[in-house]
Each structure stands twice: as structure tokens, then as C-alpha cells.
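Only one structure is covered here, and it is reproduced in the block below.
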Number of protein chains: 4
Amino acid sequence: MPSVPTAESPSDAPRVMRADARQNLDALLEAAKTEFAASGVDTPVRAIADRAGVGVGTLYRHFPRRSDLISAVFRREMDACVTAATEIEASFPPDEALDRWILRYTEFLATKQGLAAALHSGDPAYAPLADYFSARLTPTLERLLESARRSGVRIQDVDAGEFLGAVANLCHGAEQHGRSPAHAERMVRLLLAGLRASDG
Amino acid sequence: MPSVPTAESPSDAPRVMRADARQNLDALLEAAKTEFAASGVDTPVRAIADRAGVGVGTLYRHFPRRSDLISAVFRREMDACVTAATEIEASFPPDEALDRWILRYTEFLATKQGLAAALHSGDPAYAPLADYFSARLTPTLERLLESARRSGVRIQDVDAGEFLGAVANLCHGAEQHGRSPAHAERMVRLLLAGLRASDG
Amino acid sequence: MPSVPTAESPSDAPRVMRADARQNLDALLEAAKTEFAASGVDTPVRAIADRAGVGVGTLYRHFPRRSDLISAVFRREMDACVTAATEIEASFPPDEALDRWILRYTEFLATKQGLAAALHSGDPAYAPLADYFSARLTPTLERLLESARRSGVRIQDVDAGEFLGAVANLCHGAEQHGRSPAHAERMVRLLLAGLRASDG
Amino acid sequence: MPSVPTAESPSDAPRVMRADARQNLDALLEAAKTEFAASGVDTPVRAIADRAGVGVGTLYRHFPRRSDLISAVFRREMDACVTAATEIEASFPPDEALDRWILRYTEFLATKQGLAAALHSGDPAYAPLADYFSARLTPTLERLLESARRSGVRIQDVDAGEFLGAVANLCHGAEQHGRSPAHAERMVRLLLAGLRASDG
DNA sequence: CATGAATGAGAGTTCATTCAT
DNA sequence: TATGAATGAACTCTCATTCAT
């Protein structure tokens, strides 16, 4: 079983951390996640700090740029999503595991309105996030696709990263006013069906 | 007494309009279209007014709310897109016409970054736009789907409006940094393939 | 008599100007002059706008960058100082005119705490101000020095711009707490005496 | 029990001091000197603490107010400057010693951008620094002036403190962008020449 | 009707200073 | 004592919107 590193700190080397600082950091991540889900990633910095019960200065200490906070929030759950793949693969046949994990991935996306935009923004500040996405989620899907093919399922030749981006796009606006949460799932299933279709 | 051309005003009640006012309105729509394509629908009002060569006051006279302008811009090209369907239906067999029109629709979407967001925003200000979308584009797709089914093609039972929304989402972020313009098309084709897949 | 152009507008071509805008601009220049004299050129933008009785937006409309405002304020009085030279030259013999004008120049400097700093900051935003200084004040002093030399006075070979900068420096901090206003004048007179000294 | 060296503390009452505290204090003074020279006396407190390798709390412990640190830094080198006078007086005739010491004083000023401002700020926090200046540097110049006069040189009747302030002002902005380091020296020499001029 | 000047709320960001660890 | 995390006031700047001209 591979180790599942958890990277939830803004920098790579915060060796030790004062207990109160750690608490603030957690509160910030949690507050940011909530605010991002409710108001998008462009929500005022102050709103996040207020929700976390800290001053704005504390937010800036931990996350000098907005992109740092966005990246940290998204990375936390990306990790969980990657971890889930292992469990799903262990419990279901390859073809079914593929669909199940994609649906698990859509759950991750549900409250990540700005993820796709961040990934495609071209802003170098998001390069680490995009890299992380490519390094963790994309290989996961590639593995699932390969397993399904080996089990005999006919699967279109698609770029895994591109496909994940498409799924992210399809989930865009889900959970929004007037849209059934089932909407996104139906469309994602359509895309998955297209993946198995015989002609390209 | 000046001539009194009747024009389609931003509100639903066509009214008498001075020739110069009409020119300003056209210039504003054109400028807004360009700015929206370049900088998104949240672009500063001033930028649009400047490009149109009018004062911001004039913009506000014609479009009191930003949503009025966005709606007006998008409606213009929705009309063109609907019109195109008729031509395509006359030139191609139903099944092919379906794909061709969807791709024509993606072209319409190409520079309409904010369309999907506007449609799903839940903001009542966009209700007229959503209504227009439902009244014009959705029936067009329904007609094409029905024709294809009648011609013997097996097509999934999907909600036309939902499908159009999904396509719009897939086109989100196309033409953005680091994304091939072919990306969106590939994913849309996958969705179309899913539409014909035998299981749901 | 040469024409005495008055350049007190932020840009070079504000052909016509609405009466109220003109009033606001004047109020801003006056307020800025007062605030600069009292609190230095780094005084909060808000303080200047408040004193002028306008919103900050109005200040930013007329002077997008702080340096624009500083330059405008200083240019107005540089012009007056240059003009004064003509009158002084007409009324006094060259040698005396030189001293009298330098003392007039120190009066100009009295409330211009940030002038020298701005001129020497190296910030390209102040290049226009430095250019204006070089184009107007420096030639004025050069002319006065030359006249004095022609009238038979022995004068050190100094760079006029450098000398003006030195006088500006000597006036730095004058009118400050605990310093007699005569202090600067005494030191400037010492410098002027050095100008006539026989050895370098 | 550790040795208890007696050190000159920031306050006027020398006290017992732990060895590590003494080291921190030295590091802070050195760091502050460097930062002041590079970025002026308004440089962020954090920058100084970082350079000294201590926490900001330590800085505040030793120097509760910024003025305390500034004063301490400047006093150190004032002392050296005063000491230098003795050597110069021993090696050169009075008239030459005067010039040489003033030039030595300008060297001291070279990296003390904020000295003149601090002395003239009127802020009571700088009163001790101003007093120190008056108690050490001013008498030094007075002594040099008196020696020169006794040796037969005709010297203007100037206030020594005022003259030192003028020299400090003349050195303001030296080493800045676009200004030759020789600029200040030329102007100081002009002032010294004025000191010997026969009329006032 | 058109203009664009004015307004001012609101967002981002920095940094002096305090104080829990 | 030393540390540096936290705080929040203060500042800059932008832009949607109004309204005098």
C-alpha cells in the first residue's frame, strides 16, 4: 500500500508550529473552504478572516497571496480524493471502479467552484496547484482507465487530464440556484458513456 | 419631425427611438460583445463605454443594469444561432445535423465566457435571458433530437436545456491560456457520443 | 518681455474643462500644497481630498499617481519663482539680483519639504518634475550667474542645478519645530559667500 | 554565575546585562545601521530584527521606540567622529584641521540619511539624541573654529550647531540615484569657503 | 438626450506593536 | 528572556452609479 502523504501546509517545511498557530491555520482553511463554496474564490479576504475568527494579518501571514490559500484548500481535498481511489479499486471491478471514482471526484468538485478557473487561469501563481493536480489526480485516472482496458472494456483514447477538466467543467454551477444536484451527475454519466462508445 | 424607426429596445416594449440613440445602442452592443469576449462579463463598465465612444451615462440610459447589457448581447447571437439551425437542417441528414448544430452552438459559445454563469446565477436579473434561452435554443435542440430519433437513431433521453448547459460548461475556459481550442471540441464530441450510447 | 506660460494642469491638453471640475482641481492643488507643507508629501491621500472637500475618486481622476499631484503643486510655484527672476533682474544690479533671487527661491522652498527628495528619488514618475526644474529654474540661475560675471564679479564655477539642489537641501527642515526661520537664510548666505570666495 | 559585564544600555542607566542579551544588542545595532543606510530610518522594524537574527520582541525589549534605536545607532558613530577630531587636531594646523574634520563628519553623515530629519523633527523622543549631538559634536566644532581663529584665520561668526546641521543637510540625498558622491563634497567646500569670506 | 465628473463604499495590503508561548 | 504569531488600524486604489452641466 503506497503511502498517502498529506500536504496541507502552505509551505513545504513548517517543521514545528505553535499550537495556536496551527489552530488558526486550520480555522482559516475551514473558513476559506466554506466561503469559497458559498461565494466563490474571489470572496473578500476579510470575510474569510472574520469567519475564521482571526485578523486579516494572520491570514496574510499564512497565505501571502490569495492563490496560496486557494491552493491549500483545494489540495487538502484532492488528497482525500486520491486516497479514495485506492479504496474503490479494492472494492469494485475495474470498469465500475472507474465510474465510481469519477463520481467521487464530482463530489470533491461540488464545492470547488473556482478550481477549473484556477487551473486554467494561466496565472503562474496557480502553477503549483496545476502541477499538484497533474501529479496526483491525473495519474489516478490514468491508472483506472488502464485497469478498465486490461479487464477488456473498450475505452476511448482520451487524455486523462483533459477528461478530468471536462468533468470539472460539467460540475460548474451545480448546487447553484435552480439546478438540481442530479444535473451534473447526469451529464457526467453521459460523458462516461461517450468514453465507452465505439466510434470517436 | 424626424423619422421614427421602431427598434427592439432592451426592454420588452419596442419604442420610438432617435437615430443617434439607435447608433449609440448598436455601438454599445458591439463594444460590449468585444469586451466580454476579451475580458469577461465583469469587465469595467467604463471600458465598454469608452470602446463604444459614448459616455457611461449613455450606457446606463440604455442598460440600467449590467445584466441588461449582457442579456442584450447574448440574445443577438442566440438569434443567429437559432437561424443557423434551419439552414443546417435543410442541408444535412438529421443525425449529422444534430452534431453540426451543436458544434455551431459551441462557436457561439466561444466568446461568451459568462453565458453559463449568467444562466445559472440564480440572479432574477438574468431570468429574461434564461427565458429567452429556453424559448429559442432549447426548442431548437429538441427539434433536432426528435428529427434524429425519427430517422431511426437511438438517442438517450436527455433534457435539451440541460444538455445545452452541459455543452456550454464544456466550452468554459476554452481559448484560455494553455488549452488547445480543440480541447472543448473533443469533449463535446465525447458528450455527443454518450448521447448515442446504448446504456445510460 | 517674454511670455510666461502657466502650466498648472496635470496633463498638457485639457482643452476645455467644466467649471466645477476646474474648481475641484484648484481646491485639490491648494489643499495638497497646504497638506504637503504641514505633513510632507507622504501625507495620506484621504487627508488632501478631505481638505479639498472632494472624494478620493476625484483626486485620483485628476492625479492618478501621487507624483502627479506633487509635480503639479510644485510646478505652479516654480513658475512663479521663474517669473520673479525677470522682475528682480529689472530692478537690481546683477550681483545683487543673484542673491535676491536665491532668497526668493528659498521662499519657494519654504513649504516644499519633499521637493529635493522628489527630484533625487530616481523614481521615473518624477522625471517630468526634474525635467521641468532643469528646464526652468536651472537656466534662470545660469542667466543670473552669467550676468553677475559679466558685471565683473568673480564667481566660482559651479553647476547651477547642483547649486540649486544644495540650497534646497539647506532649506530642508526650516520652519520646523525649534528652528528659527532665519537659520536657513544664514546658511544660504554662507553658501552665496562661498560662491564669491577666491579659492575653491 | 555568569560574568556580568556592564554595558551602555539604551537608557541612560548602565545596567547588568546577560552575555547573550549583550550579543543581541550588538547585533541589533549593527543590523539597524546597515538597514538605515540602505533603506532609511523608516525601514520596517521586521527587516532589522531579521537581519540581526532575533525576534521583533527582542528588538522592542531593547528599544521600545524606534527613536531609541535610531539614537543608539547614531550615537555610536558620533563618538567615533568626535574621537577623530583629536587625532586630526594633533596632525594638522588648525585651519586645515577644520576642513579635514568637517569632511570626516560628512563621511559619518554618508550613511545617516535620517539624522538631520531626526534632529529637526521636534519629536521629544529625539531630544536625547539632539542633546547628545549638542554636547559632543557642537563643542568639537567650536573648539576647531576657535583654534583656527587663534591661528589668525578670519572666520565668520556662525553658530557651530547650526553649521553642522547645514552640512548634514547638504549631504542629504548624496549617494542617491543620479547624484555623484562628489556633489555633496563640492557644496560643503563651498560652505567652508563662505565661512572664510570677508563679508557676511 | 449625452456626457463624464464626482462620489464613496469596499477590497487589498502592510506593518507597528502586543503578548501568549 | 526571547520568540514570532496575531492583531487591526491605516493606507492605497478601483469602479459602479449618480447627476449637474
Side-chain angles (χ1 to χ4, degrees), chain A residues 14 16-25 27-28 42-50 52-66, chain B residues 17-25 28 42-50 52-66, chain C residues 14 16-25 27-28 42-50 52-66, chain D residues 17-21 23-24 28 42-50 52-66:
Chain A
V16 282
M17 197 172 221
R18 247 168 59 178
D20 57 344
R22 176 78 225 177
Q23 275 187 328
N24 281 337
L25 195 146
L28 278 168
D42 290 330
T43 200
V45 168
R46 215 167 245 107
I48 299 168
D50 286 351
V54 304
V56 287
T58 302
L59 192 158
Y60 274 97
R61 163 177 290 275
H62 290 295
F63 308 99
R65 292 168 307 174
R66 176 183 291 269
Chain B
M17 187 172 250
R18 257 167 49 177
D20 58 343
R22 174 78 221 182
Q23 275 189 327
N24 281 341
L25 195 148
L28 279 167
D42 290 329
T43 199
V45 169
R46 175 65 47 102
I48 299 168
D50 285 353
V54 305
V56 286
T58 303
L59 191 157
Y60 273 94
R61 166 172 296 275
H62 289 295
F63 306 100
R65 291 166 307 175
R66 177 183 290 267
Chain C
V16 283
M17 197 171 221
R18 245 167 60 178
D20 57 343
R22 178 77 226 178
Q23 275 188 328
N24 280 338
L25 195 147
L28 278 168
D42 291 329
T43 198
V45 169
R46 178 76 42 115
I48 298 168
D50 286 352
V54 304
V56 286
T58 302
L59 192 158
Y60 275 97
R61 162 178 289 275
H62 290 296
F63 307 101
R65 292 167 307 175
R66 178 183 290 268
Chain D
M17 188 173 250
R18 259 170 44 180
D20 57 343
Q23 275 189 327
N24 280 341
L28 279 167
D42 291 330
T43 199
V45 168
R46 174 66 45 101
I48 298 167
D50 286 351
V54 305
V56 286
T58 304
L59 191 157
Y60 274 94
R61 165 172 298 275
H62 290 295
F63 306 100
R65 291 167 306 176
R66 176 183 292 267

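Residue numbering restarts at 1 for every chain, and letters A, B, ... go by the order of the sequence lines. Values below: all heavy atoms of this structure, side chains included; hydrogens, waters and symmetry mates excluded.
If you measure from atom CD1 of B:Ile48 to atom C1' of E:dG4, you get 16 Å, rounded to the nearest angstrom. Summarising the geometry, the separation between CG on D:Leu59 and P on F:dT1 is reported as 16 Å, rounded to the nearest angstrom. Atom P of nucleotide E:dA9 and atom CG of C:Asp50 are separated by 12 Å, given to the nearest angstrom. The distance from atom CG of C:Leu28 to atom C1' of E:dA5 is 12 Å, rounded to the nearest whole Å. Distance CZ (C:Arg61) to P (E:dT3): 14 Å, rounded to an integer number of Å. Atom P of nucleotide E:dC1 and atom CZ of B:Arg22 are separated by 14 Å, given to the nearest angstrom.
The shortest non-hydrogen separation linking A:Ala27 to A:Ala52 is O-CB, 3.6 Å.
Close to E:dA5, at under 4.0 Å from its OP1 or OP2, lies no side-chain N or O of C:Thr58. Using a 4.0 Å cut-off, some side-chain N or O of D:Asn24 falls inside it from OP1 or OP2 of F:dA2. Distances shown here put every side-chain N or O of C:His62 at or beyond 4.0 Å from the OP1 or OP2 atom of E:dA5.
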Nucleotides 14-21 of chain F: protein proximity per nucleotide (B base, S sugar-phosphate only, - neither; heavy atom, under 4.0 Å): B-SBB---

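Within the model, atoms CZ of B:Phe63 and OG1 of B:Thr58 stand 11.5 Å from one another, a figure rounded to the nearest 0.5 Å. If you take CG on B:Leu25 and NE2 on B:His62, they are separated by 5.0 Å, rounding to the nearest 0.5 Å. A distance of 12.0 Å separates CD1 in A:Ile48 from CZ in A:Arg46, rounded to the nearest 0.5 Å. One distance of note links CG of A:Leu28 with CG of A:Leu59; it measures 5.0 Å at 0.5 Å rounding.
Pairs of Watson-Crick or G-U wobble type, with distances under 3.5 Å, assemble into runs of 3 or more in DNA chain F at these ranges: E:2-21 with F:2-21.
Under the rule for a side-chain contact (heavy atoms from CB on, under 4.5 Å), the partners of D:Arg66 that lie at least two apart in sequence or sit in another chain are D:Val45, D:Ile70.
Along DNA chain E, the nucleotide nearest B:Gly55 and the nucleotide nearest C:Val54 are compared for position; the residue whose nucleotide lies closer to the 5' end is B:Gly55.
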